[in-house]
2 protein chains.
Amino acid sequence: MSSKTVRPGLKSDQQPEKSLDLRALRRTPGFMLRLAQLKFFEGFYEEFAALGLTPATYAIFAVIRDNPGVPPSSLASLLRLRLPNLIKILNELESSGFIKRNRSKADRRAVELMLTPKGAKLIAEGARLTEPYNEKMLALLSAAEQRTLLELLNRLLPL
Amino acid sequence: MSSKTVRPGLKSDQQPEKSLDLRALRRTPGFMLRLAQLKFFEGFYEEFAALGLTPATYAIFAVIRDNPGVPPSSLASLLRLRLPNLIKILNELESSGFIKRNRSKADRRAVELMLTPKGAKLIAEGARLTEPYNEKMLALLSAAEQRTLLELLNRLLPL
DNA sequence: TATTGTTATACTCTATAACTATA
DNA sequence: TATAGTTATAGAGTATAACAATA
């Protein structure tokens, strides 16, 4: 993976602001979700920097791994990426040798995405970092609470 | 507020992808948090489009309302915005007459942010939309589950 | 004509560097 | 010298329009 994808992220040395009334924002799920997502993404860049994986490429690799032959259009709608933006990422991943594009024989407009052995190796290495990464991000919650949070998010989002 | 801040968002007519193995992503909190945040932000733009409020300006207004005199630096670190990016938003809000900047008498480098009556009126109108908006976004969860989700997010994030 | 993939491109968001004025 | 605010600007993410190939 190219190293330019590794971002610095916000400095983590900033302690929570004191003596401000934040009750309104704390009761705002959308705001709290944004902060939570920032926390996870910043932690991701630190944890997976060595592999050059970003949240987007990690998800792309995982879906292709579990669904070989998935077309770009399905991948885009699933990951909530616009097709042209996904195509740009796929172009980089293909020219770097991580994925392969096959034309479908049934419908020659359609493209079937596959991991190359190099791509399969990369996502396998990434998968080994996933458990400790999630544990670090969720460390402030008990094991039961972690399961509850994940379950509530899944019910909130009809995937 | 300027109408250019109203964004279309993703089409909501896309039904969840069927017959794909998404178990890995469903067990990935970071990915689910991203989807949840997208859902809330897209819903926000629809709900608050008439007022011209964005998630960012809503949060800015709410913090200044509850903490009159708060300096831009505190606001930036609280909302996880870089100071230069916040300044650009504050410039627009001030030239539109929603906020006011005062120089601190104790330290003339410091700026104290206040809402104008026009700004106070706008966030008050926004606040009236907040309850039904949150209820719509969280409709797939029971009232108890909604409270649990919010509590878990708060514990995850030491504000 | 409609659909899949793709390119080109514009816009928004987010980042760093450098400047000012005060301390 | 250090800090708060600001400006300028570059980079990443995300949006639409238009096109080619195929159905």
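Convention: sequence-line order gives letters A, B, ...; per-chain numbering from 1.
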Problem set entry | Below 4.0 Å: OP1/OP2 of C/dT3 and any side-chain N or O of A/Ser73 | no
Take atom [atom1] of [X] and atom [atom2] of [N], then tell me their distance rounded to the nearest Å.
X	N	atom1	atom2	value
B/Leu90	D/dT6	CG	C1'	11 Å
A/Phe41	D/dT14	CZ	C1'	14 Å
B/Glu92	D/dT6	CD	P	14 Å
A/Leu113	C/dT6	CG	C1'	13 Å
B/Glu94	D/dT6	CD	C1'	12 Å
A/Tyr45	D/dA12	OH	P	10 Å
A/Arg103	C/dG5	CZ	P	8 Å
A/Leu81	C/dG5	CG	P	14 Å

[X] side-chain proximity, nearest of [options]:
X	options	result
A/Ala110	D/dG5, C/dT4, D/dT22	C/dT4
A/Asn91	C/dT6, D/dT7, C/dT7	C/dT7
B/Asn85	C/dT14, D/dT22, D/dG5	C/dT14
B/Arg101	D/dT6, D/dG5, C/dT7	D/dT6
B/Ile87	D/dG5, C/dT14, D/dT14	D/dG5

Exercise. Between the side chain of B/Asn67 and the main-chain N/O of A/Asp21, is any donor-acceptor distance below 3.5 Å?
Worked result: yes
Under-3.5 Å donor-acceptor pair between [X] side chain and [N] base:
X	N	result
B/Arg109	D/dT3	yes
B/Lys88	C/dT14	yes
A/Arg82	D/dT14	no

Exercise. Are any of the side-chain nitrogens in B/Glu125 or B/Lys121 under 4.0 Å away from the carboxylate oxygens of its partner?
Worked result: yes
Exercise. Is it true that A/Glu46 and A/Lys136 have a side-chain N and a carboxylate O under 4.0 angstrom from each other?
Worked result: no
Exercise. Applying the 4.5 Å side-chain criterion to the ILVMFWY set and letting contacts propagate, would A/Leu159 and A/Leu81 be lumped into a single cluster?
Worked result: yes
For this session: Specify whether B/Phe44 and B/Phe48 have parallel, tilted or perpendicular ring planes, treating 30° as the upper limit for parallel and 60° as the lower limit for perpendicular.
Result: parallel
Exercise. Quick one: on DNA chain D, does A/Pro84 or A/Asp107 contact a more 5' nucleotide (nearest heavy atom)?
Worked result: A/Pro84
Exercise. Pick the nucleotide of DNA chain C nearest each of A/Pro71 and B/Ser104; which residue has the one closer to the 5' end?
Worked result: A/Pro71
